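What follows is one structure encoded as C-alpha cells, with my remarks underneath.
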Amino acid sequence: MILPLHQAIRVRLRAVLGELYGLDAETLPEIAVQSPPNRALGDLGTPLAFELARRLRKAPRSIAAEVVAALGPVEGVARAEAAPNGYVNLFLAREPFVRRALAGGSEPPAESAARAKVIVEHTAINPNKAAHIGHLRNSAMGDTLARTLRFLGVPVEVQNYIDDTGVQVADVVVGFQQLEGASTADVAARAAEPGFDYYCWDLYARVAEWYGADADRLAFRARALHEIEGEGNPTAEIGRVVAARIVRCHLATMSRLNVDYDLLCWEGDILRLEFWARAFEVLKQAGAVHLQSGGPQAGCWVMPLAEDGGGETEARAKIIVRSNGTVTYVGKDIAYQFWKFGVLEQDFHYRPHDGQRSGRPLWSTTSTPPAEGADASAPTGPEPPPPPFGRAGAVYNVIDTRQSYLQQLLKDALAAIDRPDAAERSVHVSYEMVALSHATARLLGYEADPGERRPFVEVSGRKGLGVKADDLIDRVTAAARHEVASRHDDLDDAEADRIAAIIAVAAVRYFMIKFSRGKLIVFDIEEALSFEGESGPYLQYAAVRATNILRKLEARDGLDDAALAAALADLPGAPLDDPQAGELWGLVLEASRLDEMADQAVRAVELSVLAKYAFSLARAFHTFYHRCPVIAEERREVRLWRAAGVLYVLQQLTRALDLMGCEVPPRM
RNA sequence: GCGCCCGUAGCUCAGCUGGAUAGAGCGUCGGCCUCCGGAGCCGAAGGCCACAGGUUCGAAUCCUGUCGGGCGCGCCA
C-alpha cells in the first residue's frame, strides 16, 4: 500500500525544507504527493517548489534542485530528480516495494479501535412496497462507503431507518381496508405468501388513483396516519404487519447484492420512547427553539434559519412543533440525529433480528425491554447483549439530494445546541435520482406523456412506474447466465447459477457507483445488460484471468502462492529494473494505490473514485495480459516476477471489488 | 424570489486538497485468436472544458457575473 510511503516522503521533505530554508513545518501547507502523468518522469512527484518560489524568491527549478540534493536516503525511494520545469520527482526502489506489497497483501487493514465510531445510515426505504432501482443507488453507495471506512480502519455502524409510521405505509393500509375490505388476519395471510412487496407495489398505485378520483378520500389517509402511530387498533396492527413483512423483503433484496446492516431503527420506537420530548428539552435549554408569539406562526415552536441575515427571520423560521402541539417530521429527524450523536441521554431497547447471509449480526430497536429470563429458556441459550449503538463521532446520512434542506436543518440544530463538532461531522451523502430512459419506460408499458420534454422519465411509486430492484437483478442474472452458458458447456446448472449471480451483482453495483453522486442516472435496461467496456464484469474478468494464470502455473510448475513466495525470496530483483520491466512495474505501482484511492473516496465522499480506480487497474491488467505472457515466458526470473505481479494485482483487485460488495467468480 | 446541484468528444461520463501533453466507455472506421479464454487487446477519427471577466508562476478545477437544465424552499411525511 502506498499511503504510508507518501507520508514518509512528506515527513522527509518537510525536514529538508527546514534544514535548507529554515521553514517551520507548522507554517508549511500540506505537501502534495502525486503520480506524474508519465511513468518515465518518475513514480511519484511533488510540485512543492512552485508554491515556495514566491516565498523564497527563487526559481522553482533551483528550489527543486536544492531539495533533491539535500534529500538524502529515504526508505523505499531509489533516487530523486529535479525536473527542468520545477517538479521534484521520485523513483521508488522496485524490488523491496514489490516484496513488501506481496508480504502485506494478506494483512488485515490496520485496526484502530481508538478512532471514534462512525454511523452510516442508508437504504431507509418506505416499508410499503418493493424496492426499485433508485433505492439501489442509495444502498450501493451506503454499503460501499461503510466497507471503505472499515477498510481504512474506522469502526462503522450501519443503520437502516424504517419509517413504519409514515404516509406511505398508511396509504397501503388504507388500500387494504377501503379497497379490499381486508381484516388484519387477511393481510397477515397475504403477507405470508411470496411476492407481498410486489402486491403492495400495485396496491399503493391503486390507492393513489383512488385518492385522485375523490379528494374527500384523503380523510382516510389522515385518519390512518393518526391511528398508525398508536397501538391496539386494527389500522396500527395492519401497518405493523405490512411494515414488518416488507422490511424482510427489502432485506432479502439487499442481501442478494451483499448489502447488510447492524441495526434497524424503527420510527415507531422513536415515537413510543418519546425521544422527541428529550430532544425538545435539549433544544429549549440551549435556546435553539422558541415559541412564536405572533404572526402567522403564532403558537408554534420554531428554529431560526441559519445565515438568514435579513430582518425577516421571524417570519421564515422553521416550524418544529405545530400550534396544536404535535411535532413535525423535522422534529422527529432531529431527535434521531441527536440520538446518533449521543446527545439524548436515552436509548432504545434492542432485540436480535433475523440472521443475515453475510453472518453479520442484525439488531432491531424495540420500545419494550426484553422480558426477564425469557431468553434463558430459548433453545439457543441466552441472547448476547446488544453492542453499544449510537454515540457516534461522525454520522453519514445517505439520502438523495432532495433532502438537502432537511439535512441542513439537522446540522443547524446540532450547531444551535452548541455541538459544532457534531454539526461538522454530520455529513449528508447526497446524490441525484435514478430516472428511466424513454426506451426503458416504454418497455415497461408506460405511455409517454406528450408534454414531457426531458430526456428521461422520473420513477414514480404513486404511478407504479419504476423498475423493481428484484426484477432488475433477475434480468441481469439471466443475461449473465446466458453468457456463462455460451462460454462453458461443462458447468452444471447450480454452478452456472451461482456464477451468474456473482456477475449480476457486480454489473448492478458497479453501475450504481461509477457515476459521481451529483449526476442524474438515466437508467437504460439495454445499457445495464451490457457487460462490455466499463462494467463490473470487466473488472471481474481481469481477476478471473489473473486467477487462471496462477492456476496454470501451479498445475504446470507446482507453484502455488506459498511456493511462489519462497521462490521469490532468493530471487535477484534485477529483472525488475530492466527497462523492459516497465509494464510490470507500472502495474504493481498502480495496484498499490488502493489505499490512496479509498482514502480519497472517503475524504471527497465520492465513491465513484473507487469504481474508476478499480476499472483503471483492471484495464492496466488486461493490457499487461496481452503484452507480457507469464506461462510462456522462458526466463525464469522474469516469469516469477511477472507471476508475483499478477498475484499482487489479483489481491488488490479482489479487495477493490470487495469494497464495492462484489466477488470474483471462479470462472466466467 | 432564495438555496443546492449540473453544463467537458456524436452519446454517457472521469479529471483528486489548482499542477506536467484534458482521459475513458459506447458508437463509427481499421487491425488482432498457431499466443495464460475475444466479457479482451491495438490503432484512427472526434474537444473554444456553456459564455464573459477575475485571482494565480499555473485554472476544466477557485471567485464573480450571464445563459441553459435539474431539484428543493409547507403548522405534508
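All heavy atoms count here, side chains included; hydrogens, waters and symmetry mates do not. This one's a predicted model, so the numbers in the text were calculated from it and none came from an experiment. Just so it is clear: chains get the letters A, B, ... in the order the sequence lines come, proteins before strands, and each one is counted from 1.
- B/C35 makes up no base pair with any nucleotide shown, lacking Watson-Crick or G-U wobble contacts both under 3.5 Å.
- Counting any heavy atom pair closer than 4.0 Å across all strands shown, A/D171 reaches no nucleic acid atom.
- Within 4.0 Å (heavy atoms only), A/E532 reaches sugar-phosphate atoms of the nucleic acid but no base atom.
- Residue A/D163 is classed as a sugar-phosphate contact, given heavy-atom separations below 4.0 Å to backbone atoms only.
- Applying the 3.5 Å distance criterion, the base of B/C75 shares a donor-acceptor pair with the side chain of A/S323.
- In this structure, the CG atom of A/L52 is 17 Å from the P atom of B/G58, given to the nearest Å.
- The two residues A/N138 and A/V398 have their closest heavy-atom pair at ND2-O, 2.9 Å.
- Using a 4.0 Å heavy-atom cutoff across all strands shown, A/A298 reaches at least one base atom of the nucleic acid.
- Nucleic acid contact for A/Y538: sugar-phosphate only, since backbone atoms but no base atoms lie under 4.0 Å from a heavy atom of the residue.
- Using a 4.0 Å heavy-atom criterion, one finds that A/Y625 contacts the bases of the nucleic acid, with or without backbone contacts as well.
- Using a 4.0 Å heavy-atom cutoff across all strands shown, A/Q168 reaches no nucleic acid atom at all.
- When heavy atoms are screened at a 4.0 angstrom cut-off, A/R454 is found touching the sugar-phosphate backbone but no base atom.
- Nucleotide B/C71 forms a Watson-Crick or G-U wobble pair with B/G3, both donor-acceptor distances falling under 3.5 Å.
- Of the charged side-chain nitrogens involved, at least one lies within less than 4.0 Å of a carboxylate oxygen, so that A/E30 and A/R10 count as a salt-bridged pair.
- Here the separation of B/C76 from B/C16, taken at their P atoms, is 44 Å to the nearest Å.
- A syn orientation is assigned to B/C33, its glycosidic angle lying within 90° of 0.
- If you check every strand for non-hydrogen atoms under 4.0 Å, A/F515 touches sugar and phosphate atoms only.
- Residue contacts for A/I319: at a heavy-atom cut-off of 4.0 Å it reaches a base atom on one of the strands shown.
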Worked verdict on A/E534 versus A/R619 for salt bridge (Lys or Arg N to Asp or Glu O under 4.0 Å): CA-CA 9 Å; A/E534 194 193 340; A/R619 201 158 49 84; over 6 Å; no
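- Within 3.5 Å, no donor on the side chain of A/R619 pairs with an acceptor on the base of B/A24, nor the reverse.
- Across all strands shown, A/I503 has heavy atoms under 4.0 Å from base atoms, whether or not it also approaches the sugar-phosphate.
- Counting non-hydrogen atoms under 4.0 angstrom, A/V330 reaches nothing in the nucleic acid.
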